[in-house]
2 protein chains.
Amino acid sequence: MAKSEGGGSGVVGALVRAAFLVDAVYAESAREFGLTPQQGQLLCVLLGRSYVMGELGGVLRLAKSSLTGLVDRSERNGLVRRESCEGDGRAVRVLLTAEGEVLAERFYAETCRRIDELPAGLSEAERELLGGLLGRVVLDNKVPPVFGEQ
Amino acid sequence: MAKSEGGGSGVVGALVRAAFLVDAVYAESAREFGLTPQQGQLLCVLLGRSYVMGELGGVLRLAKSSLTGLVDRSERNGLVRRESCEGDGRAVRVLLTAEGEVLAERFYAETCRRIDELPAGLSEAERELLGGLLGRVVLDNKVPPVFGEQ
DNA sequence: AGCCGTAATTCGCACCACGAACTACTCCGA
DNA sequence: TCGGAGTAGTTCGTGGTGCGAATTACGGCT
């Protein structure tokens, strides 16, 4: 089947299927914390630091209106709050609430644990190798800090 | 930052960020074909073979009602069609229409091309290595054929 | 002071996910 | 042969999500 050449068994297919797998595990973990994947992602991004809306939109790669909605719902759920920016009356800063912080920590830790199980069939050296190669791909493509490390 | 230990710079963080990256590229490609990511995924899965709804639900890991909706919308867009199953009056088979087949081929090829560019910073040997390791992770976790190779 | 640009929100719309309940069909045992 | 249990898919209700256009409020520059 000609189409296996690109998407089939090579690195391309593997990347897409790995994304499918990670998304499923991430969604399942989020669900058990009463979160949607998008909400979980927002909490992970805000763990450790706050962002103004414009930055956040860039990190999450969302349209402004989509981000407004996501923050609205998360604020309504008591997980985040908005603050005015001192230097700019137009800008709004988004931070985790105390409750949001706790939930984010727990969700993040549990999701790490679950994702960590995915490469269980690889040796320690192979895990390091995979992490290194994938890390370079992610670095080269300038992926924002959507999961840890910010 | 303690939380880098798990999600930060290791294989866990790399997997999640790689998924974020692949999802973004996939969504952008789909968008340019007038498709949503879910519709693109449905077309890719149906490329090459048809499925009954129950199987399709398993492959795409969707609730039955979600799949019904997705197939409804894709049918309305002229991309797929439903057929009764001879052996089982309850079951419905989903296939690509002629138009759906053409669009699926083009979407699949273009998405392969774009995903193929992501590991451009790696050498040929490193690409092979990455594909091999990731392929094993995907195999070990029994990821269904959501992109090529079925 | 006015104009242009920016930040965020609102609006309208379509898509998407799920669980519960329902309809239609299948199969098996009495 | 019939009835009951189970299966396949759909419908319904609900909430979440994504985007673009338009709007409101603010900032900076002339």
Side-chain angles (χ1 to χ4, degrees), chain A residues 20 23-43 45 50-95 146, chain B residues 20 23-43 45 50-95 146:
Chain A
F20 182 87
D23 288 345
V25 169
Y26 197 98
E28 180 57 26
S29 183
R31 178 193 187 84
E32 291 181 26
F33 287 87
L35 299 170
T36 68
Q38 282 65 42
Q39 290 163 359
Q41 191 167 73
L42 177 66
L43 297 195
V45 162
S50 63
Y51 287 87
V52 296
M53 291 287 280
E55 294 170 331
L56 207 40
V59 167
L60 293 171
R61 294 200 181 152
L62 288 173
K64 304 203 291 182
S65 51
S66 307
L67 182 62
T68 297
L70 180 58
V71 171
D72 280 352
R73 292 184 291 276
S74 299
E75 191 175 36
R76 193 192 330 126
N77 293 340
L79 302 178
V80 307
R81 62 188 168 83
R82 284 172 162 102
E83 269 183 7
S84 297
C85 278
E86 282 194 6
D88 192 333
R90 298 167 300 179
V92 160
R93 181 164 292 274
V94 184
L95 314 83
V146 290
Chain B
F20 182 86
D23 289 346
V25 169
Y26 197 99
E28 180 58 27
S29 184
R31 178 194 186 84
E32 290 182 26
F33 287 85
L35 300 169
T36 70
Q38 282 64 45
Q39 290 163 359
Q41 191 167 74
L42 177 67
L43 296 196
V45 161
S50 62
Y51 288 88
V52 295
M53 290 288 280
E55 295 169 328
L56 206 39
V59 168
L60 293 172
R61 296 202 180 149
L62 289 174
K64 304 202 292 183
S65 51
S66 307
L67 182 60
T68 296
L70 182 57
V71 171
D72 281 352
R73 290 184 292 275
S74 298
E75 189 174 40
R76 190 188 336 122
N77 292 341
L79 301 179
V80 307
R81 62 188 168 83
R82 284 172 161 104
E83 269 184 4
S84 297
C85 278
E86 282 195 8
D88 190 333
R90 298 166 299 178
V92 159
R93 182 163 291 274
V94 184
L95 314 83
V146 290

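Naming convention: chains lettered A, B, ... in sequence-line order (proteins, then strands); numbering from 1 in each chain. None of these values were measured; they are calculated from a predicted model.
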Student: Check whether any side-chain nitrogen or oxygen of A/Q39 sits under 4.0 Å from OP1 or OP2 of D/dT17, and answer yes or no.
Tutor: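 For D/dT17, OP1/OP2 do have a side-chain N/O of A/Q39 under 4.0 Å.
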Student: When you measure from the side chain of B/S66, which nucleotide among D/dC19, C/dC18, C/dA8 comes out closest?
Tutor: C/dC18
Student: Does B/R93 reach a base, just sugar-phosphate, or nothing at all? Heavy atoms under 4.0 Å.
Tutor: nothing
Student: Looking at C/dG19, I'd like to know if its phosphate oxygens (OP1 or OP2) sit under 4.0 Å from a side-chain N or O belonging to A/R31.
Tutor: yes
Student: Does A/Q38 put a side-chain nitrogen or oxygen below 4.0 Å from OP1 or OP2 of D/dG18?
Tutor: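 Indeed, a polar side-chain atom of A/Q38 lies that close.
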Student: So, is B/R73 near the phosphate of C/dA14, with a side-chain N or O under 4.0 Å from OP1 or OP2?
Tutor: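 For C/dA14, OP1/OP2 do not have a side-chain N/O of B/R73 under 4.0 Å.
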Student: Assign each of B/A63 and B/N77 to its nearest nucleotide of DNA chain C by heavy atoms, then name whichever residue's nucleotide is nearer the 5' end.
Tutor: B/N77
Student: Rounded off to whole Å, could you give me the NZ-to-C1' distance for the B/K64 and C/dA24 pair?
Tutor: 12 Å
Student: Which of these nucleotides, D/dT11, D/dG16, D/dG9, is closest to any side-chain atom of A/R76?
Tutor: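 When the side chain of A/R76 is considered, D/dG16 is the closest of D/dT11, D/dG16, D/dG9.
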Student: Give a yes or no on whether a donor-acceptor pair under 3.5 Å exists between the nucleobase atoms of D/dG20, that is its base, and the side chain of A/S65.
Tutor: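 Flag set: donor-acceptor pair detected.
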Student: Take atom CG of A/L67 and atom P of C/dA8, then tell me their distance rounded to the nearest Å.
Tutor: 8 Å
Student: When all nucleic acid strands are considered with a 4.0 Å heavy-atom cut-off, which category describes A/L70: base, sugar-phosphate, or nothing?
Tutor: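 Counting heavy atoms under 4.0 Å across all strands, the contact made by A/L70 is with sugar-phosphate only.
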Student: Identify whether any heavy atom of A/G54 sits under 4.0 Å from a base atom; if not, whether one sits that close to sugar-phosphate; answer base, sugar-phosphate or nothing.
Tutor: sugar-phosphate
Student: Report which part of the nucleic acid B/G89 touches: base, sugar-phosphate, or nothing (heavy-atom distance under 4.0 Å, all strands).
Tutor: sugar-phosphate
Student: When you measure from the side-chain N and O atoms of A/R90 to the phosphate of D/dT23, is any distance below 4.0 Å, counting only OP1 and OP2?
Tutor: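 No, A/R90 has no side-chain N/O under 4.0 Å of OP1/OP2 on D/dT23.
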Student: Mapping B/V92 and A/R61 onto DNA chain D by nearest heavy atom, which one lands closer to the 5' end?
Tutor: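 Its nearest nucleotide being more 5', the pick is B/V92.
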Student: If I compare all heavy atoms of B/Y51 with all of B/V59, which pair ends up nearest, and what's the gap?
Tutor: CE2-CG2, 3.8 Å
Student: Given D/dT17, is OP1 or OP2 found less than 4.0 Å from the side-chain N or O atoms of A/T36?
Tutor: yes
